[in-house]
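Notes follow the structure.
Residue numbers count from 1 along this sequence.
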Amino acid sequence: MIAIIADDHPLFRVALAQASQQILGTDAVLLQANSMAQLWALLLQHPDTELIFLDLKLPDAEGFAGLTSLRTEYPDISILMVSAIEDPAVIKQALQLGASAYIPKSAPLDLLSEAVAQVVAGESWVPAELVNEVEKARDLIDQDFARRLEQLTPQQFRVLKMIADGLLNKQIAYEMQVQETTIKQHVSAILRKLNVNNRTLAGILFEKLKLPDEF
């Protein structure tokens, strides 16, 4: 098994790697990334990765956008969100957007072991004491929007992100090394799938994936 730990705090990465090695066994290969950019590079090198430990507040992850882009690009990889944030609404949103587990950074080794075992078995996991609160928590993102996001292809999701960043079709085409007509087709499909009339509204919707300032 190959697992990647993506966190910008080196000491926490090392600690999580040591703990995970005990849980997954000595045959498991544990790689480390300090940013989303480095994580993407590792995934290109190791497409057979099975687990990702993803820090919710990784600087270039843009909140839930990092999780959503990973789920879109690599739907078969199990993602375990790891965060110091223990707000039930945040946990609920992570699970709704495709995380297999949400592990507080304060969790002891036995809970980490339990979480990994559940995910490897194909189940989801959150701390038992938070289950009821998570179920009752408010939605940070409209669920209709979340379902519409799932319809986007990986290429369309990348285009949507660049639309939100303010790039024009010509600039997006340059970044993706395709013809501008291809980008126009992607934009049309994105607007249709998100049920919005223009790219500005699509960009505004994407911004909702970012973690609210209160967290």
Looking only at heavy atoms, what is the nearest atom pair of [X] and [Y], with distance?
X      : Y      : value
Leu191 : Arg199 : CD2-N, 3.8 Å
Gly66  : Ser69  : O-OG, 2.8 Å
Ser78  : Val119 : CB-CG1, 3.5 Å
Leu58  : Leu54  : CD2-CD1, 4.1 Å
Ala19  : Leu112 : CB-CD2, 3.7 Å
Ala99  : Met81  : CB-CG, 3.5 Å

Checking [X] side chain against [Y] main chain: does a donor-acceptor pair fall under 3.5 Å?
X      : Y      : result
Glu133 : Leu130 : no
Asp60  : Ala37  : yes
Gln38  : Ser35  : no
Arg71  : Asp76  : no
Gln21  : Ala28  : yes

>> Between Arg13 and Asp55, does the side chain to side chain contact (heavy atoms under 4.5 Å, CB included) criterion hold? Intermediate values first, please.
In response: CA-CA 10 Å; Arg13 280 202 314 274; Asp55 179 12; over 6 Å; no

For the [atom1] atom of [X] and the [atom2] atom of [Y], what is their distance to the nearest 0.5 Å?
X      : Y      : atom1 : atom2 : result
Ile4   : Gln32  : CD1   : CD    : 11.0 Å
Ile79  : Thr68  : CD1   : OG1   : 8.5 Å
Ile5   : Ile52  : CD1   : CD1   : 11.5 Å
Met36  : Leu39  : CE    : CG    : 5.0 Å
Phe206 : Phe64  : CZ    : CZ    : 13.0 Å
Asn169 : Thr182 : CG    : OG1   : 11.0 Å

Give a yes or no on whether [X] atom [atom1] has more than 12 heavy-atom contacts from other residues, nucleotides or ligands under 6.0 Å away.
X      : atom1 : value
Asn197 : CG    : no
Asp27  : CG    : no
Leu44  : CG    : yes
Gln179 : CD    : no

>> Applying side-chain contact (heavy atoms from CB on, under 4.5 Å), can you list everything that pairs with Ala3, at least two apart in sequence or on another chain?
In response: Leu24, Leu30, Leu51, Phe53

>> Taking side-chain contact (heavy atoms from CB on, under 4.5 Å) as the definition, give me every residue that meets it alongside Gln96, ordered by chain and number, with sequence neighbours left out.
In response: Lys92, Gln93, Asp139, Gln143

> Name the one of Asp7, Ile85, Leu16 that satisfies side chain to side chain contact (heavy atoms under 4.5 Å, CB included) with Lys105?
Replying inline: Asp7

Can you find a pair of side-chain heavy atoms, one from [X] and one from [Y], that are under 4.5 Å apart?
X      : Y      : answer
Leu149 : Phe157 : yes
Tyr174 : Leu167 : no
Gln155 : Val178 : no
Leu43  : Ile77  : yes
Gln45  : Leu31  : no
Leu160 : Leu205 : no
Leu111 : Ile103 : no
Gln156 : His186 : yes

>> Would Ile204 and Glu207 count as a side chain to side chain contact (heavy atoms under 4.5 Å, CB included) here? Give the steps.
In response: CA-CA 5 Å; Ile204 290 172; Glu207 289 294 312; 5.6 Å; no

>> With a 4.5 Å cut-off on side-chain heavy-atom distances among I, L, V, M, F, W and Y, is there a chain of contacts connecting Leu168 to Ile163?
In response: no

>> Side-chain heavy atoms nearer than 4.5 Å, only ILVMFWY residues, links allowed to pass through others: does that put Val14 and Val116 together?
In response: no

> Step by step, would you call Glu73 with Arg158 a salt bridge (charged side-chain N to carboxylate O under 4.0 Å, His left out)?
Replying inline: CA-CA 10 Å; Glu73 196 82 34; Arg158 288 198 291 272; 2.6 Å; yes

> So Leu80 and Trp125, side chain to side chain contact (heavy atoms under 4.5 Å, CB included) or not? Walk me through it.
Replying inline: CA-CA 9 Å; Leu80 297 85; Trp125 184 91; over 6 Å; no

> Is there a side chain to side chain contact (heavy atoms under 4.5 Å, CB included) between Leu209 and Leu97 once you walk through the steps?
Replying inline: CA-CA 10 Å; Leu209 288 173; Leu97 290 173; 4.1 Å; yes

>> Suppose we screen for side-chain hydrogen bond (donor to acceptor under 3.5 Å, both in side chains). Which residues come up paired with Lys161, at least two apart in sequence or across chains?
In response: Glu62, Asp165

